[in-house]
Structure formats: C-alpha cells, structure tokens
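Note: hydrogens, waters and symmetry copies are ignored here, and every other heavy atom, side chains too, is used. Numbers for residues simply follow the sequence, beginning at 1.
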Amino acid sequence: MESPFLLACRRQPVPHTPIWLMRQAGRYMPEYRAVRDRFSFLDLCHNPEASAEVTVTAVEKLGVDAAIIFADILLILEPLGVGLEFGPGHGPIIHRPVRSRADVDQLPEIDVAEHLSFVFEAVRLARRELPAHVPLIGFSGAPFTVASYLIDGRGSRTYVHTKSLMYRDAGAWHALLGLLVRATASYLNAQIAAGAQAVQLFDSWVGCLSPADYREFVLPHTRALIESITPGVPVIHFGTDTAGLLEALRDAGGDVIGVDWRIDLDAAWARIGYDRAVQGNLDPLALLAPPDEIRKRVRSILTAVEGRPGHIFNLGHGIIPETPVDHARLLVDTVHELSAR
C-alpha cells in the first residue's frame, strides 16, 4: 500500500513520480518476442505461466513502478462464441459480429469463473513472482470499446455499425452494454481476488463519440461498472482522443483518469478536477526521439503538473513495437531522476 504507484492513486505524497507503460510487455522487447516464437497471441494469453513470465520480465527490464497482467481486452468475448481471431498482420477480428436486437438476445451471460480462469491464474502467478513492492494492475476493456469490436467486427475509423445500432435501437444497445457490464464487473473483481491491487479500464475508442452521445449511451454503463468494483481498489479510467470528454469521463468514475497526448496534462487535470489523480501523457512515438529530446519532454510534463500529488507518468497509449528498449528504460530512469523529492 506504500508503493509510489498506489500512493499516487490515492493522491498522497510520493518519493518520486511513479511510472509504468501501457503494453510494457510487448513486441519491442526481445524477451517477449522469444516467448511469442513459442506461442500464438491467443495461446500466450491462455497460458498462465507464459503470461506471468512476460508480465514480470517487463518489470525487471524496465524498472517500472507497477506491473500490468498480460492479457487482452477481448478475451471476455470468447465465451460468446462470436469467433474471435488474432491473425498475423492485422488486429482482432470478430467473425460473427452482433448487429441486431436478435443477435443481442441470443448472447449468453458470460461465466467468467468457468471461461476466464486462465487469466486469474496468471494474476496469481505474477503476483507471487513480482517483488512485494511492485503492485500488479488488472484490466479490462470498457463496455463501449468492447462493444465496438463486437459490433463492427474489427477496429474501425468510422464505427458505422456500432453507431448505427446505438442510434437505431437504443434498447438493444443498452441490453448489450448491460450484459458486458455484468461480465466485466465479475471479471475485474476476480482479478482483484487473485491478487491485482489496482485495475485499469481501457476505453480506447470512446473518443469517436460526442459528449452528448457519451452521456446518453455510455456513461451510465461505465459508472455502473466502476461502482461494482471491489471497494478500496484504485480504478484507472483510460481513453484516447478524449479531450472533449474529460468531464464526462470524470463523472463516469475512477480514482485516476488517463489522459492521452492530444491535450496538455495540466489543462486536462484542471478540467478533471484535483480530487482525482491523473495518468499520462507522453506521445508513444516520442520514444523514437533522441535521448535528449525524451528527457526534454519528460521534464516538460513533470513541470506542468508542478509536483502535485496524484500524477502517474505513462504514455498516452501503448508503447509501439518499433520502440528501442533502451529508450523505454531511459524514460523510466528519467522520470525517477527528475521527479525525486
């Protein structure tokens, strides 16, 4: 409970600004690629020992202040029988997308204990192998982002099928998100019971919505989910391209609001309110810059928040595969060095 990461989640003083990186176990790291040589992506997710291994290795190599369990936000959809696939060279595909009220009505309730036990075992193994002072973060997709994959069938620029269902049949939309909220609450709470000390909600694609649509079609469901999470466990509420939604994200809930690089962090925090912690917000591609430029950008973000308790340093989204590992380690070391109290 006294780790810098958990202290920052509670907006308490810290010895240095804590940092972890989204996708810190990923293809930019040779050790991860070696594991992937033995497993497909889904097979890796389904193997608790391998998932725990890459989770812990990332912490050891980078020196970050928190681990995040290796998994994927769409694993929760596998029990629905919609044909989830991760093929080489493209993102996830849903072969049998849900696009009508009839499709929604046919979906079963998701029994996470039966179908996702491999994730909870990975959490237990990772927690056992991590140093005691390094907290472990569990995570899930937020209802809107998971629904957008389920309806559109893959990542999208326009979300034409998602928005079409939302506008055309609000009843079907709310029924679908209600199902996802129930399953996701059980999923996150089971990760917590297995040893996760904080959880992050990834609403990666919610920035495609207007504030009015977010408040009508998403906020009530995200709020219900966050209110269902085990009391006392910090919740990080993260989205991308959300500069127009920050107040609504705050109203939906979360102890920490994740901020991407498209808005200055100090301006975002002022809008969110200082009664919440914030996480962010270096552009992931900044890690391709020379070391001096990385240090300059770190200093700029740290200066902007003025040492206010409640800042967790992170990228504005996941680390990209082209990132040099030594640049990621430089980022972690620089944050620690420049923020030391």
- [ ] Check whether Ile93 and Leu77 end up in the same hydrophobic cluster, where Ile, Leu, Val, Met, Phe, Trp and Tyr are linked by side-chain heavy atoms less than 4.5 Å apart.
- [x]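 No, Ile93 and Leu77 fall in different hydrophobic clusters.
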Task: Verify same cluster id: Leu125, Val59 (apolar side-chain graph, 4.5 Å) - done: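 Different clusters.
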Task: Candidate list Met29, Arg23, Gln24, test side-chain contact (heavy atoms from CB on, under 4.5 Å), partner Ile319, passing option - done: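 Answer to the side-chain contact (heavy atoms from CB on, under 4.5 Å) test with Ile319 among Met29, Arg23, Gln24: Arg23.
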- [ ] Return the minimal non-hydrogen interatomic distance between Ala126 and Val56, and the atom names on each side.
- [x] O-CG2, 4.1 Å
TODO: Determine, using ring centers only, whether Phe238 and His317 are less than 6.0 Å apart.
DONE: yes
Under 3.5 Å, which donor-acceptor pairs link side chains of residues 305-314 to any protein atom two or more places apart or in another chain?
unit_1: His311; atom_1: NE2; unit_2: Gly280; atom_2: O; d: 2.9
unit_1: Asn314; atom_1: OD1; unit_2: Met22; atom_2: N; d: 3.2
unit_1: Asn314; atom_1: ND2; unit_2: Trp20; atom_2: O; d: 3.0

- [ ] Only counting residues at least two apart or in another chain, list the ones meeting side chain to side chain donor-acceptor pair (under 3.5 Å) with Ser228.
- [x]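 Counting only residues at least two positions away or on another chain, Ser228 forms no side chain to side chain donor-acceptor pair (under 3.5 Å).
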Open item on the list: For Arg276, is there any backbone N or O sitting under 3.5 Å from a side-chain donor or acceptor partner on Trp269?
Closed with: yes
Open item on the list: Can a donor-acceptor pair be found, under 3.5 Å and without considering hydrogens, that links the side chain of Tyr159 to the backbone of Gly155?
Closed with: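 Between the backbone of Gly155 and the side chain of Tyr159 there is no qualifying donor-acceptor contact (under 3.5 Å).
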Task: Members sharing Leu285's hydrophobic cluster (side chains within less than 4.5 Å) - done: Leu288, Ile320
Open item on the list: Test question: given the 4.5 Å side-chain rule for I, L, V, M, F, W and Y, name all other residues clustered with Leu225, or answer none.
Closed with: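 Direct or chained contacts put Leu225 with Val181, Leu188, Ile192, Val199, Leu201, Ile226, Ile229, Val233, Val235.
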- [ ] Check salt bridge (Lys or Arg N to Asp or Glu O under 4.0 Å) between Arg27 and all other residues, then give those that pass, not counting sequence neighbours.
- [x] none
Task: Set of salt bridge (Lys or Arg N to Asp or Glu O under 4.0 Å) partners for Glu85, sequence neighbours left out - done: none
Task: Side chains of Asp251 and Arg215 in contact at under 4.5 Å (non-hydrogen atoms) - done: yes
